[in-house]
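Structure, as structure tokens:
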Amino acid sequence: MTAFAAPGAASLVQTVDWLAIAPVVIPAAVALLVLVADLFLPEVKKAPLGWISVAGLAAATLTLLPLRGDDRSTFCLTGDALADGAACSYTADRFTLVIQFLVLAGALVTALLSVTAIRDTRLPAGEYWFLLLSSAAGAALLPASRDLATLIVALEVASLPAFALVGLRRGDRLSSEAALKFFLSSVTATAVSLLGVSFVYAATGTLHLTLVADRLEDVPGQLDTLAMAGVALTLIGFAFKTAAVPFHFWVPDTYVGAPLPIAGYLSVIGKAVGFTGLILVTVIAFPAYSDIWGPALAVLAALTMTLGNAAALRQAPDRAHSAVRLLAWSSVGQAGYLLVPIAAAAYSERDQIGSTVAYALMYAVVNLGAFAVAALVARTKPLNRIADYRGLYAERPLAALSLAFFLLCLAGLPPGIIGLFAKVTVFQSAVDAGLGWLAVVMAVNVVVALYYYLQWTALLFRAPEGEAAAEGPRAKVPFPVTAAIAVTGVVSVVLSGAPQLVLRFAATSLFPQ
């Protein structure tokens, strides 16, 4: 990024680094293209809109390759404002690229699942693809945001389309109820966060994260309480997005009411958005108040993993939508593990954040894969009960083996080596930070989670019941669903064979010191 300035005077005219912002601009531009095209295409000719969206997300993901070199920044302060140090609103550094890859690749897998889901459930294609691409653009913007205003805007751009996607099945009571619950709780959390941001701005006089960090180091005594309240309130909105207890109550009903591809999207991309925002505000903006957010996040991590795993244990196999509910509660438990390194960063170096990023990459791949198999099973068994997976190996061997591998990765058992190693790095981050009690809580929860993951895995290989065994020829699996399962399965196997491809992020800092 460069700026043009007249002699003797600072100028606000800047050039924009279009390559740096391409991963955000491309999904947004394709979203507008799809929305306009939808106005002119008859209903029977809207199928290409899905493949245009898939191509747009693939192109956005590929634009990350030329950004792998030096860090790039744009939309920076100029002139006298730079006296406090460089401050930019958009930065494409190593952390940004890793999270943008997670978001865009996850959205791409969601789009593949959605191509078939839209046709089968008769969802409005134009609106669906516009909302999905808009949400992906907001999610890609958030990790690059380096001021509180852009962070909140990115958070809402990622979230608002998601509300509509959850409730897009017209006439479906579960879908409408899920969207309303998701919307009301999210809006409340956002309002609290905005109040916190206003407090932080009042105490520091700036919104840029690096400048906020500098000024919080020396807050006047009369503003200290205001700054502490702002820090606490700002974290609430991001804690909601991570589904941390007590902000988790929307998760199971929302996942059940949403179309399955969107449930998978929320479980991975929605969670990534929350954790990214949480990392940016705690590690970059609020290190001066680590004595406040560190213990709070440690307690949240313990409560979240414990309640999530306890609720997952209670899912009855014969209950309608129990498979989706188990994945929903499992995602709450996994959120607890993801919070551990962030809490540990308050007691040690920023390097701990690499453990969260490594775990998030593993979780994204295997959880999207599990939802892809769930979408396949739901084509013939729409109630999607855990009991419906009995004998899946006899009916669809590759799908059953894939789901078994995904569940073992989530459980952290061989041959899901990447899940095991990711848990070890998170566990080690707690020990290194002196949070021995949190490491013990995590170890207990990992053992508890083994029960329901292994129970579901064993069910896949049991003999099918009489009616299932007597069914006729299998229905053909659509290519997009097959591609989604294959991609996530292959990536999971590769990462288990070479876990250093991801786990090296746990050993090096993603932020400059």
Side-chain angles (χ1 to χ4, degrees), residues 71 73 75-91 93-96 142-152 154-155 192-239 275-300 339-357 429 432-435 508-513:
D71 296 349
S73 297
F75 304 113
C76 299
L77 294 179
T78 60
D80 295 338
L82 287 174
D84 290 319
C88 299
S89 293
Y90 188 103
T91 298
D93 55 14
R94 186 179 170 205
F95 173 79
T96 298
L142 195 139
S145 303
R146 292 299 185 271
D147 69 67
L148 292 172
T150 308
L151 269 177
I152 296 296
L155 183 66
V192 173
S193 282
L194 284 172
L195 181 62
V197 168
S198 67
F199 286 176
V200 171
Y201 180 73
T204 63
T206 183
L207 292 174
H208 286 85
L209 302 184
T210 53
L211 300 185
V212 167
D214 290 340
R215 296 179 187 180
L216 285 179
E217 294 284 353
D218 189 25
V219 176
Q222 64 270 29
L223 296 178
D224 187 56
T225 301
L226 183 69
M228 285 192 293
V231 169
L233 294 175
T234 302
L235 298 180
I236 288 179
F238 297 105
F275 278 104
T276 301
L278 206 56
I279 289 170
L280 290 175
V281 295
T282 54
V283 175
I284 295 183
F286 303 151
Y289 287 87
S290 58
D291 58 329
I292 294 176
W293 57 259
L297 291 182
V299 172
L300 281 182
L339 282 170
V340 171
I342 305 177
Y347 301 89
S348 55
E349 298 296 327
R350 290 177 174 183
D351 293 352
Q352 304 290 355
I353 296 303
S355 299
T356 287
V357 176
S429 71
D432 292 345
L435 295 172
T508 57
S509 178
L510 296 175
F511 296 111
Q513 297 296 327

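Keep in mind the model is a prediction, meaning the values are calculated, not measured.
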**OP:** Could you walk me through whether L194 and I152 pass side-chain contact (heavy atoms from CB on, under 4.5 Å), step by step?
**Re:** CA-CA 8 Å; L194 284 172; I152 296 296; 3.5 Å; yes
Original post:
Do F286 and V212 come within less than 4.5 Å of each other through their side chains, counting heavy atoms only?
Top reply: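 They are in contact (side-chain heavy atoms under 4.5 Å apart), so the answer is yes.
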Where is the tightest heavy-atom contact between [X] and [Y], given as atom of each residue plus distance?
X    : Y    : answer
A285 : L216 : O-CD1, 3.6 Å
R94  : D71  : N-OD1, 3.9 Å
A202 : L226 : CB-CD2, 3.8 Å
I353 : I342 : CD1-CA, 4.0 Å
D147 : A149 : OD1-N, 3.0 Å
A343 : A298 : CB-N, 3.5 Å

Approximate separation, where rounding is to 0.5 Å, of [X] [atom1] and [Y] [atom2]:
X    : Y    : atom1 : atom2 : result
I284 : F95  : CD1   : CZ    : 7.0 Å
L223 : D218 : CG    : CG    : 11.0 Å
L435 : S429 : CG    : OG    : 8.5 Å
T150 : Y90  : OG1   : OH    : 11.0 Å
W293 : L278 : CH2   : CG    : 8.5 Å
S145 : L207 : OG    : CG    : 12.0 Å

Just one of [options] clears the side-chain contact (heavy atoms from CB on, under 4.5 Å) bar with [X], so which one?
X    : options               : answer
R215 : T204, T210, V200      : T204
L209 : V283, D214, L280, T91 : L280
L233 : I236, V231, L235      : I236

**OP:** Go through L339 and F275 one step at a time and tell me if the side-chain contact (heavy atoms from CB on, under 4.5 Å) criterion holds.
**Re:** CA-CA 8 Å; L339 282 170; F275 278 104; 3.6 Å; yes
Subject >> side-chain contact (heavy atoms from CB on, under 4.5 Å) assessment of L148 paired with V281 >> reply: CA-CA 8 Å; L148 292 172; V281 295; 4.0 Å; yes
Original post:
What's the verdict on side-chain contact (heavy atoms from CB on, under 4.5 Å) for Y289 and D224, showing C-alpha distance, side-chain angles and the deciding distance?
Top reply: CA-CA 10 Å; Y289 287 87; D224 187 56; 2.8 Å; yes
